[in-house]
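A short write-up of the structure that comes next.
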Amino acid sequence: MTLLEQSARLIDESVYEGPRSVQPMDGSFHEIADGIAVVCAFSHVWSLATDEGLVAIDTSLPMFAPGVLRHLHKWRSQPVHTIVYTHGHADHVGGAPAFVEDAKERGSPAPQVVAHEAVGPRFDRYNLTHGYNQTINRRQFSANDMLDLFADDWVYPNTTYTDALDLEVGSASLQLMHAQGETDDHTMVWMPQEQALFVGDLFIWFFPNAGNPQKVQRYPSEWAAALRRMIELRPKFLLPAHGLPIAGEERIAMVLNDVATALEGLVADTLEMMNAGARLDDIIHQVRVPDDLMDKPYLRAAYDEPEFVVRNIWRLYGGWYDGNPARLKPAPDQALAAEVAQLAGGAAAVAARASELGKAGNLRLACHLAEWAAQAAPDDPEVLEVRADVYRQRRDQEQSLMSRGIYNDASQS
C-alpha cells in the first residue's frame, strides 16, 4: 500500500490504528508524483526535481540528514539548489549543515536557503535559551539524545520574505505564503501547476500543536485561518512535514475543515467564558472539542491536547494571571506544602491520601497531594515513593506525548 493509499483508507473509513500508522519516520523514500518525492523522517524532507537542481523543503534532524541526501542523490544526479524552511523548529532545519557540507564535497554551490523573515530571530532566541531548550526537549520527548538539538550551528536563511514570495527554481514555480500557527514564522509552499501544497506543521495528523505547555506562544485562531486559506487553494495533494500525504481535493478539504473547526470552537468557547468573567480554572475544565471531531484519525490528542490549547488562548488574550488572587503573588510552593501537611497531620498522611486517590482513579487530585507531601518532606523516602508512583500512574493513563513526557520526568525526579 502506498502512502497515499494508506491515508485514503484511514480517512475514508475513519479508522485509527495508533500513532505509527499515521507517522512514517523510517527513513524510507517515496515518489508521490512526477518530480515530487519525500524521505520519511522526523520531520519529513520533501524534494522537487527541477532542471536547475533539487529543491528541498526542510532538512529534518541532523541524524536523518545523511540518509536523506543518499536518497536524493540516488533519485536525481543534480545537487540541492534551494532549501525552503517551512519554519525554524530544530527538526526542520537541524539537518541543513549536512546539506551545506554535501554541496561542498560535491563541488557545488551552497544551497540557497529561503524562509520567512522571523526564522533568523528564532535562531537568535534559541542561542539565548540553549540550556532551557535542552531541558524541555529532553523532558518532552523523554530522551537524552534531544540534548543535542540546539547546537548553535544554524544555517541562517539568505533569502527571506514578509508575507509572500514567488520563487522560481529552474522549471519549478513556487508560491511561498506566511502563516501563523504552531509558530510565528511558518511558510506553506504552493505549486499551482501541480496543485501540490506543502504545509510543514500546519497539519500533522494529530491534534494541532497549538498548546505546548513548555514552548512559546502558539496562534490557534490564525492557524484556523491558514487552514481555511489552504482549502481555498483547492489542492490535489496535501504534503505535511509529519504524517501521511493526502490526495484528492474533496478529501483534503474535509480534513482541513475538521481541524479548523476544532480550533475555531476552542477559541470561541474560551473567549466567551473569558468575556463573561470566568477564571482559567473554570475554562480548562469546561471547554471541550466535540467527540465526533476528536475521534477522527487525524485529530487524536497523541501529541498536544485541547486543554493545553485553551491555556494558550488564555495566555494570548489574557496574560498570565489566571483569575485566582491567591496565585497573583503566591507563597513559595514549599511553604504552602508544609502548611497543608501540618493541617493534615504530617506529610505521611498527605502522601497516604494521595495514594488512595490514585488507586481510586482521581489522579488529578492525587498529583496535588503527592506534590505537597514531597515538598513538605523532601527527604522522606516513603513519601517520595508515593509521589513517584502517583506520577507513574498519571503518565500511563495519559494519551498525549507532552503529558506523558512531563509526568515521566516527574516520576524520576
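Residue numbers count from 1 along this sequence. Every value quoted in this text rests on a predicted model; they were computed, and no experiment measured them.
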Check ion pair R229-E222 (N to O, under 4.0 angstrom): no
Give a yes or no answer on whether the side chain of T160 reaches the backbone of E117 with a donor-acceptor pair at less than 3.5 Å. no
Measure the shortest side-chain to side-chain distance between M274 and W314 over non-hydrogen atoms and say whether it is less than 4.5 angstrom. yes
Can you measure from CD (Q217) to CZ (R315) and round to the nearest 0.5 angstrom? 4.5 Å
Taking E249 first and then R234, would you say they form a salt bridge - that is, a charged N and a carboxylate O separated by under 4.0 Å? yes
Please tell me whether T187 and Y161 have a donor and an acceptor in their side chains that are separated by less than 3.5 angstrom. yes
For D58, the option from V68, D91, V84, T86 that meets side-chain contact (heavy atoms from CB on, under 4.5 Å): T86
Under the side-chain hydrogen bond (donor to acceptor under 3.5 Å, both in side chains) criterion, do Q193 and S173 qualify, and how do the steps go? CA-CA 8 Å; Q193 185 173 349; S173 296; 5.9 Å; no
If you draw a 6.0 Å radius around CD in E272, do more than 12 non-hydrogen atoms from other residues or ligands fall strictly inside? no
Working note: N257 + R228, criterion side-chain hydrogen bond (donor to acceptor under 3.5 Å, both in side chains); need CA distance, chi angles, decisive distance, verdict. CA-CA 7 Å; N257 177 71; R228 298 288 180 203; 2.5 Å; yes
Could you check whether any side-chain heavy atom of P208 comes within less than 4.5 Å of a side-chain heavy atom of D304, counting everything from C-beta outward? no
If you count heavy atoms of other groups shown closer than 6.0 angstrom to CD of E31, is the number above 12? yes
Side-chain contact test, heavy atoms from C-beta onward, threshold under 4.5 Å: evaluate it for P19 versus F206 and give yes or no. yes
Return the CD to CG distance between Q140 and N212, rounded to the nearest 0.5 Å. 4.5 Å
Would E371 and Y391 satisfy side-chain hydrogen bond (donor to acceptor under 3.5 Å, both in side chains), going step by step from the backbone distance to the final call? CA-CA 10 Å; E371 195 66 24; Y391 281 127; 2.7 Å; yes
Heavy atoms, side chains only, cut-off 4.5 Å: are V155 and Y85 in contact? yes
Is there a donor-acceptor contact under 3.5 Å from the side chain of Q78 to the main chain of T50? yes
Fit a plane to each ring of F42 and F141, take the angle between them on a 0 to 90° scale, and name the class: parallel (under 30°), tilted (30 to 60°) or perpendicular (over 60°). perpendicular
Are the side chain of D51 and the backbone of S171 linked by a donor-acceptor contact shorter than 3.5 Å? yes
Determine the sole option in H71, H73, H44 for which the ring-ring contact (aromatic ring centres under 6.0 Å, His included) test with F29 is passed. H71
At what distance, to the nearest 0.5 angstrom, does OG of S400 lie from OH of Y407? 8.5 Å
Is the backbone N or O of R392 less than 3.5 Å from a side-chain atom of S411, with the two atoms forming a donor-acceptor pair by type? no
Taking it one step at a time, do D201 and H92 satisfy side-chain contact (heavy atoms from CB on, under 4.5 Å)? CA-CA 10 Å; D201 283 2; H92 296 258; 3.1 Å; yes
Taking E398 for the side chain and G405 for the main chain, is one N or O donor matched with an acceptor at less than 3.5 Å? no
Within a strict 4.5 Å, meaning less than it, do heavy atoms of the E194 and F237 side chains meet? no
Would L48 and F198 count as a side-chain contact (heavy atoms from CB on, under 4.5 Å) if you check the C-alpha gap in whole Å, the side-chain angles of each, and the deciding distance to 0.1 Å? CA-CA 11 Å; L48 318 171; F198 303 85; 3.4 Å; yes
Shortest non-hydrogen separation from L266 to R288 and the atoms involved: CD2-C, 4.4 Å
Heavy atoms only: give me the nearest A278-I283 pair and the separation to one decimal. CB-CG1, 4.0 Å
With a 4.5 Å limit on heavy-atom distance, are the side chains of L72 and F99 in contact? yes
Quick one: does any side-chain atom of R404 pair with a main-chain N or O of D396 as donor and acceptor, under 3.5 Å? no
For the CG atom on D34, are there more than 12 heavy atoms of other groups (residues, nucleotides or ligands in this structure) within a distance under 6.0 Å? no
More than 12 heavy atoms of other groups within 6.0 Å of R70 CZ: no
Checking the side chain of D269 only, and the main-chain atoms of V287 only, is there a donor and an acceptor separated by less than 3.5 Å? no
Please report the interatomic distance CD1(I246) to OH(Y298), rounded to the nearest 0.5 Å. 8.0 Å
Measure the spacing between CG of N362 and SG of C367 and express it to the nearest 0.5 Å. 9.5 Å
Using side-chain contact (heavy atoms from CB on, under 4.5 Å), reason through I32 and W46 one step at a time and then give a plain yes or no. CA-CA 10 Å; I32 300 299; W46 287 94; 3.5 Å; yes
Between E307 and R364, is there a salt bridge with N-O shorter than 4.0 Å? yes
Partners meeting side-chain contact (heavy atoms from CB on, under 4.5 Å) with H368 (sequence neighbours left out): none
Heavy atoms, side chains only, cut-off 4.5 Å: are P213 and M402 in contact? yes
Correct closest heavy-atom pair for V80 and A56 would be CG1-CB, 4.1 Å
Measuring from atom CG of L167 to atom CD of Q175, what distance do you get when rounded to the nearest 0.5 angstrom? 10.5 Å
Give the minimum heavy-atom separation between A366 and L357, together with the two atoms involved. CB-CB, 3.8 Å
Let me know which of H116, H89, H87, R122 forms a side chain to side chain donor-acceptor pair (under 3.5 Å) with D185. R122
Is any side-chain heavy atom of K104 less than 4.5 Å from a side-chain heavy atom of V100? no
For the pair L3 and C40, evaluate side-chain contact (heavy atoms from CB on, under 4.5 Å) and give the outcome as yes or no after the intermediate values. CA-CA 10 Å; L3 298 182; C40 295; 3.9 Å; yes
So does A410 get a backbone contact from the side chain of R387, meaning a donor-acceptor N/O pair under 3.5 Å? yes
For A179 and L202, the nearest pair of non-hydrogen atoms, with its separation, is CB-CD1, 4.1 Å
With a sphere of 6.0 Å drawn around CD of E250, does it hold more than 12 non-hydrogen atoms of other residues, nucleotides or ligands? no
Could you tell me which non-hydrogen atom of N158 sits nearest to which non-hydrogen atom of P111, and how far apart they are? ND2-O, 4.0 Å
Counting only N and O atoms by type, is there a donor-acceptor contact under 3.5 Å from the side chain of R218 to the main-chain atoms of T183? no
Under the 3.5 angstrom rule, does the side chain of S43 hit a backbone N or O of S60 as a donor-acceptor pair? no
